[in-house]
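See below for the structure under consideration.
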Number of protein chains: 2
Amino acid sequence: MKDITLKQIADTLGISITTVSKALKNYPDVSPKTKNAVLELAKSLQYTPNSFAVNLRTKESKTIGLIIPEVVHHFFSNVINGIIEEAEKSGYLVIILQSNESLELEKKQVELLINKRVDGIIMSLSNESNDDEHIKEIIKREIPFVLFDKISKFINCSKVIIDDQKAAYNAVEHLISKGCKKIAHIRGPVNPQNAIDRFLGYKKALEKHNIPFDYKLVYTCKNVTFEEGKEFAKQIVKNHPDIDGIFVITDLVAVGVLAFFNEQNILVPNQIKIIGFSNWFMSQVITPKLSTVDQPSYEMGVQSFNLLLEEINQKKISLDFIPKTIELETSIIERESTSER
Amino acid sequence: MKDITLKQIADTLGISITTVSKALKNYPDVSPKTKNAVLELAKSLQYTPNSFAVNLRTKESKTIGLIIPEVVHHFFSNVINGIIEEAEKSGYLVIILQSNESLELEKKQVELLINKRVDGIIMSLSNESNDDEHIKEIIKREIPFVLFDKISKFINCSKVIIDDQKAAYNAVEHLISKGCKKIAHIRGPVNPQNAIDRFLGYKKALEKHNIPFDYKLVYTCKNVTFEEGKEFAKQIVKNHPDIDGIFVITDLVAVGVLAFFNEQNILVPNQIKIIGFSNWFMSQVITPKLSTVDQPSYEMGVQSFNLLLEEINQKKISLDFIPKTIELETSIIERESTSER
């Protein structure tokens, strides 16, 4: 009795196994009449799905893979939170891998997840990623795939992003509205699209307000760390003491800038104003509190999983899936580092 | 020829299958003589292990499960980092689940991981966990299992811990050495063993230094948040203005205490000294910088995975595994919140 299969139900009713399967899962494209017949027969035969057989047939693992650059990172840990909570609601488990911003590791991890036959992959690219052969492999194999935050414009897949250029533009305009006339930018590494877009937003805001762009006022992070923030702050004070505003790629680096100014008794915001990006928790507890751009990280995780699930479900019923891009809103959070005192 | 099995080798030599398996894997507890005999026979029979059969037999998934209370948490995200980096070295993938400090969720997640047939489970208990039926189920099924940080003394499994009582004792003694005479303790919730042990360490240090213990000076967190820190600081100022030192269960809460004192212009450390626990990153960037107890979180992840792997490997060759407890060292980090200025 325990070995009743979909095939037996299908044969008895003279319909296909696929129809039986769909009927049991209550898919809309099976008529109510057929559904009833299947459900009644299944019930009378005491059919229970053999999950091992189901897995083998559908190749579903109910597991997805997530590759992010860093786990110990306020933004990414919030995204993880959004993804695993949302995945759990639909019965999916999440394998998490960390590329440590290394392209080589990222490639290995993609391979691992493909071999593991996960049902889908969500990813934010490492700073080193300037080559996308491994990503194309995911697409070629038709594994549902979503990129978020650090994406590539050259990959045709679903994406969850913010408008980095606009957000950066708003941040710099905020500094200008507070009276800043000579604004430096501590930017992210050269590869990531979001670092490029934030830089472009900075440049655009200067242009719009007739402030000449000077490439010497742009400092490029290699590792995006607290220590780099301190080091660039030192260089700014030494080489451009008349700078009165700084737009920083992310709060962690901005906190390093603030730490150096505090040590040197350089007054923020009176002498120089600072705005960060991402709204890390610590930004509201340091002195002075850091103005920043709020980025909905938890929501980014939720939306990424939901897009992935949509693609997984479409694929299950062999429907084509057209990749979607979801753009989330950002907002300026004004705190002490840009406010008159 | 391709179907030569361990059993045939064992029967031919008149030894057990386990011994054959161990000999092939070069385990130390098989005599060199037996090893040689097995290796020679295996070679002459052209034995090659069938990896699919091995998988089926050992039921290996090369995946482990990790259940932690919170992902967006400086301590836990560092532990995750240690676990996934160490697991990757041995070819293991890590499924991460978050109990949100809920016993109910934790139980569901244990069930999920058991059904998923992970090779092992690493876990830090939620604050609500006062019932361990779900944990006993893991042990009963002989799934390799390691507890870290928030453990239960009543479960016989491997553990990676610190000596919370001693660490707390040292923290309070540090306050006493700085001249504090009336010391409050903001403790963790009632269930977790580490909250109990830190409280006991606090009490012991007071006793040792002839400071009377007063239960009214003990404040109990429910959610262990920044906001609770602010609230308890307010109560302390209102009800016990003569308190001159506070030992706080974790840095996040201590940062809330500091934020309230800063708002009220209560001088730290001059009027009141504060020491936290866990050495969160932000503790070194706030004003004043927070003294704390350093806890090797990354190392805790590394050791937890290695203990689990040891048990997985022992189980593979059907050897008994005797649970081990690894205790990691902590140290006091003195910063501005307890230093004379």
Side-chain angles (χ1 to χ4, degrees), chain A residues 51-52 61-66 68 70-85 87-88 91-100 105 108-109 112-113 115-116 118 226 229-230 251-252 254-256 258-259 262 280-290 297-298 301, chain B residues 61-68 70-85 87-88 91-100 105 108-109 112-113 115-118 226 229-230 251-252 254-256 258-259 262 280-290 297-298 301:
Chain A
S51 69
F52 188 61
S61 66
K62 279 282 186 181
T63 305
I64 65 159
L66 169 64
I68 49 165
E70 274 183 89
V71 169
V72 186
H73 189 286
H74 192 259
F75 171 74
F76 287 118
S77 59
N78 273 293
V79 175
I80 294 177
N81 193 5
I83 291 175
I84 62 181
E85 292 207 346
E88 208 170 340
Y92 281 85
L93 293 172
V94 185
I95 289 170
I96 300 180
L97 289 159
Q98 174 175 254
S99 68
N100 278 331
L105 253 182
K108 263 192 213 157
Q109 292 169 339
L112 266 174
L113 291 176
N115 290 338
K116 187 76 193 169
V118 290
F226 173 77
K230 284 185 92 166
D251 284 5
L252 179 61
V255 169
L258 264 177
N262 283 344
W280 288 47
F281 175 77
M282 66 179 159
S283 303
Q284 58 186 290
V285 297
I286 53 173
T287 310
K289 297 185 175 75
L290 182 70
S297 45
Y298 179 86
Chain B
S61 67
K62 280 282 184 180
T63 306
I64 63 159
L66 169 64
I67 304 177
I68 48 165
E70 273 183 272
V71 169
V72 186
H73 189 287
H74 192 259
F75 171 74
F76 287 118
S77 60
N78 273 293
V79 176
I80 294 178
N81 192 6
I83 291 175
I84 62 180
E85 293 208 346
E88 208 171 339
Y92 282 84
L93 293 172
V94 185
I95 289 170
I96 300 180
L97 290 160
Q98 175 175 254
S99 67
N100 278 330
L105 253 182
K108 263 192 211 155
Q109 292 169 339
L112 265 175
L113 291 176
N115 290 340
K116 187 76 192 169
R117 292 167 192 258
V118 290
F226 173 77
K230 285 184 92 165
D251 283 5
L252 179 62
V255 169
L258 264 177
N262 283 344
W280 288 47
F281 175 78
M282 66 179 158
S283 303
Q284 57 186 291
V285 297
I286 53 172
T287 309
K289 296 185 175 75
L290 181 69
S297 45
Y298 180 86

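All chains are named by letter (A, B, ...) in the order of the sequence lines, taking the proteins before the strands, and each is independently numbered beginning at 1. Hydrogens, waters and symmetry mates play no part in the numbers below; they use all other heavy atoms, side chains included.
Heavy atoms closer than 4.5 Å to chain B are found nowhere in A:Leu258, neither backbone nor side chain. With a 4.5 Å cut-off on non-hydrogen atoms, B:Ile96 touches chain A through its backbone and its side chain both. Contacts of A:Glu70 with chain B are absent, with no heavy-atom separation under 4.5 Å from either backbone or side chain. Using a 4.5 Å cut-off between heavy atoms, B:Val255 touches chain A through its side chain atoms alone. Interface residue B:Leu252: only side-chain heavy atoms are found under 4.5 Å from chain A.
Rounded to the nearest 0.5 Å, atoms CG (B:Asn81) and NE2 (A:His73) are 12.5 Å apart. Distance NZ/B:Lys62 to CG/A:Leu112: 10.5 Å, rounded to 0.5 Å. The distance from the CE atom of B:Met282 to the NE2 atom of A:His74 is 8.5 Å, given to the nearest 0.5 Å. B:Phe226 CZ to A:Gln284 CD: the interatomic distance, rounded to the nearest 0.5 Å, is 6.0 Å.
Exactly one of B:Leu97, B:Ile95, B:Val71 qualifies for a side-chain contact (heavy atoms from CB on, under 4.5 Å) with A:Ile84. That residue is B:Val71.
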request  = Could you please spell out the steps behind the side-chain contact (heavy atoms from CB on, under 4.5 Å) verdict for B:Val72 and A:Phe281?
outcome  = CA-CA 10 Å; B:Val72 186; A:Phe281 175 77; over 6 Å; no
Chi angles and distances behind the side-chain hydrogen bond (donor to acceptor under 3.5 Å, both in side chains) call for B:Glu88, A:Gln98 = CA-CA 10 Å; B:Glu88 208 171 339; A:Gln98 174 175 254; over 6 Å; no
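Annotation: ring-ring contact (aromatic ring centres under 6.0 Å, His included) contacts of A:Tyr298 (sequence neighbours excluded): none. The side chain to side chain donor-acceptor pair (under 3.5 Å) search around B:Lys289 returns none, not counting sequence neighbours.
Under a 3.5 Å cut-off, the side chain of A:Lys116 and the backbone N or O of B:Leu93 do not form any donor-acceptor pair.
Counting heavy atoms from C-beta on, the side chains of B:Asn100 and A:Glu85 come closer than 4.5 Å.
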